[in-house]
Amino acid sequence: MDSKKRSSDKAAQEMISRMAESNQQNAWDRLDAQSPQCGFGKLGVCCRICTMGPCRIDPFGEGPQVGVCGADADTIVARNFLRAVAAGASAHSDHGRGVAEVFIAAAKGEAPDYQFKDTTKLYKLAEELGVETKDRQINEIAEEIGKIALAEFGKPEGNQLMARRAPKPRQEIWKKLGITPRAVDREVVEALHRSTMGVDQDYKNIILHASRTALADGWGGSMLATELQDILFGTPYPGRGEVNLGVLKKDEINIIVHGHEPLLSEMIVAASMDKDLLAEAKKVGAKGINVAGICCTANELLMRHGVPIAGNFLNQELAVATGAVEVMAVDVQCVMQGLSEITKCFHTKLITTADKAKMLGVEHVAMEEKTALKTAKEVVKKAVENYKNRGQVHIPSEKQPAVIGFSHESINYMLGGKFRASYRPLNDNIINGRIRGIGAIVGCTNPKIQQDYTHTNLAKELIKRDVLVVTTGCATIACGKQALLNPKEALALAGPGLREVCETVGIAPVLACGSCVDNSRLLVACSAIVKEGGLGEDLADLPVAGACLESITEKAFAIGQYFVASGVLVIFAKELFPFVGSKNVYNYLFNEIEKDMGGRWAVETDPVKAADMMLERIEAKREALGINVEKERKLYDMEERRALTV
Ligand code: NFS
Ligand code: SF4
């Protein structure tokens, strides 16, 4: 076991080695135990949709080429892809629905612990949704917004309202292809229906629906989650924080919040500041109560409250292994079942809080909107009580300062200033070539790839080549751990054009934009850039590209597909794209789909080569836009220079 091969992060390496010495298992060990993994699964050519199967297609052409029902590799691979997208879309969207429900409850006064923090955004959204605001109380307006939002998940008729935010030509493309997203539930149900035995057997038609389902996520469920969370908890503006396991404190009670829905974690943060609980913490000998986040919850909290981030997906077990965590409170998604085993080796109390995500033998404290703060206080109290049970503690010293919290609104504001928020300076600097384009680095950390390695190296490579980087999810945390969210350090690595722009307008070269549902912020930002003018008419015209080289979850495929269907090039790591067992599907997703959607998939594991691919795309788009014309360089003398600055 070589911990350096497993992670590129020093703190993680330290903890991985310690765990190995103590014979404690983590995801990397379990991956070793699973190896070699099934070759059919890696290609996506196995099907267990009905009981005539399970069936599998022989990729070498010697064994069976069809399942019992006659389904061929094209159908099976496409169906598997569609199901992954549907599952991913439902995860983001169920999260969004949960937010909508709390939103309505808050408006009705039934969730007294939640208030609407960003009323400016509330009014804006009301206007967009056609909600009357004149002579109405905030709560009335909010209730109507909440109800409209909630209906987006299950309304019987009509299309996703948020999809109207896309540039008109993009909406036309969707219309022409018949993939304008309808209600989220409808797209997901239809996806499951179409992929059952004996239904859709035309791989292109299946993938078309994968696009529609994914769009219902990006321009629907995820976007609504982001919008409503901003109104409830505040729209993020850049702030400072710290990232990595070193944020855990030796002399304080450490509570880790892990998962995805800020509904819980927001309250735990509030509860940790409660005077009585702080007094109790002192009584048990702790200097204070320290809340830190893991995974997307961490991004949500750091963006809004400066709460430190203990790490990304693969850090969850490592955090427990420090022995310094009194409570780890989890809600939904990306919570490894392995946590329940590792917490047995330490005093750490694992607590589940979402009724839809329980763990066997793990204490469950149900989080309800009516009593949210009270429940959160209970959780904090359990942490305080557990402090005395601490054994040996080992906290790695690594942590990095980070600036995080770049929402569409805050970027707009920073670029244009308070009185004239605008993307103009960004567009202008893309047009004049100081910034070549925008690269999105998103997604998870997967034990099959050295942790954080590709995200951080891709980020370095892109900024070096004057590409502005936007990042979300666990990739953001990876960047944070390696000082790339520290504007000073990142600027030193940036190319001259990008550096100049960043210094002038006061933004960082790597912008931390939030959690995975916040990828919808990138769609909104790209639409705003198109609207600002000078960079084409559609999202597909923009010099942008995205990469997720350490992906894990089905959510990542949903995100990838909605970017592809929005006109963007999306790169995943070769070994993490298990839908390559059909030549036709491969050819469609990686080439032909571009004719339909303007975007396409690509695979590349090496971050430098992925950067090459992204740059190639960006430069091709610049060429097509006609903004790559070499300007004639004029040499000024001193006199002329002075004249220029007047
Ligand atoms: Ni995104 Fe967030 Fe991380 Fe991957 Fe999981 S936390 S929703 S899925 S692992 S980036
Ligand atoms: Fe086999 Fe067809 Fe059933 Fe899939 S749907 S398990 S390919 S018989």
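Atoms within each ligand, like the ligands themselves, are counted from 1 in listed order.
A salt bridge does not link D202 with R194: every distance from a Lys NZ or Arg NE/NH1/NH2 to an Asp or Glu carboxylate oxygen is 4.0 Å or more. With salt bridges taken as basic N to acidic carboxylate O contacts below 4.0 Å, none links R30 and E341.
Across all their heavy atoms, T348 and T343 have their closest contact at O-CB, 3.7 Å.
I268 CD1 to I351 CD1: the interatomic distance, rounded to the nearest 0.5 Å, is 7.5 Å. Atoms OG1 and CD1, on T471 and I441 in that order, are 6.5 Å from each other to the nearest 0.5 Å. To the nearest 0.5 angstrom, L549 atom CG is 7.0 Å from H455 atom NE2.
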Next item on the list: Would you check, one step at a time, whether the test side chain to side chain donor-acceptor pair (under 3.5 Å) holds for R83 with S195?
Entry: CA-CA 7 Å; R83 287 201 162 200; S195 56; 2.7 Å; yes
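From the protein, the heavy atom lying nearest to atom 3 (Fe) of ligand 1 is C474 SG, 2.3 Å. Scanning the protein for heavy atoms near atom 4 (Fe) of ligand 1, the closest one is C444 SG, 2.4 Å. For atom 5 (Fe) of ligand 1, the closest non-hydrogen atom on the protein side is C334 SG, 2.3 Å. When only non-hydrogen protein atoms are considered, atom 7 (S) of ligand 1 lies nearest to H260 NE2, 2.9 Å. Shortest contact from atom 3 (Fe) of ligand 2 to any protein heavy atom: C50 SG, 2.3 Å.
Listed by number with element, the atoms of ligand 1 under 4.0 Å from a non-hydrogen atom of G443 are 10 (S). The distance from ligand 2 to the heavy atoms of M197 drops below 4.0 Å at these ligand atoms: 5 (S). Atoms of ligand 1 lying under 4.0 Å from at least one heavy atom of F313, given by number and element, are 9 (S). Atoms of ligand 2 lying under 4.0 Å from at least one heavy atom of G53, given by number and element, are 1 (Fe), 6 (S). Every atom of ligand 2 is numbered from 1 in the order shown, and the set under 4.0 Å from a heavy atom of C47 is 4 (Fe), 5 (S), 6 (S), 7 (S). Using a 4.0 Å cut-off to heavy atoms of I49, the atoms of ligand 2 that qualify are 6 (S).
Atom 2 (Fe) of ligand 2 lies under 2.8 Å from an N, O or S atom belonging to C69. Residue C516 counts as close to atom 1 (Ni) of ligand 1, with an N, O or S atom under 2.8 Å.
Proximity of S515 to ligand 1 is not established, as no heavy-atom distance is less than 4.0 Å. At least one heavy atom of R79 lies less than 4.0 angstrom from ligand 2. The shortest heavy-atom distance from T553 to ligand 1 is under 4.0 Å.
Counting only N and O atoms by type, the side chains of T454 and E550 include a donor and acceptor under 3.5 Å apart. N244 and D9 are linked by a side-chain donor-acceptor pair at a separation below 3.5 angstrom, with hydrogens and angles left out of the test.
Looking at C55, G70, G67 and measuring to atom 1 (Fe) of ligand 2, the nearest heavy atom belongs to C55.
Checked against the 6.0 Å centroid threshold, F572 and W601 count as a close aromatic pair.
For the pair R304 and F233, the cation-pi criterion (under 6.0 Å, within 45° of the ring axis) is not fulfilled.
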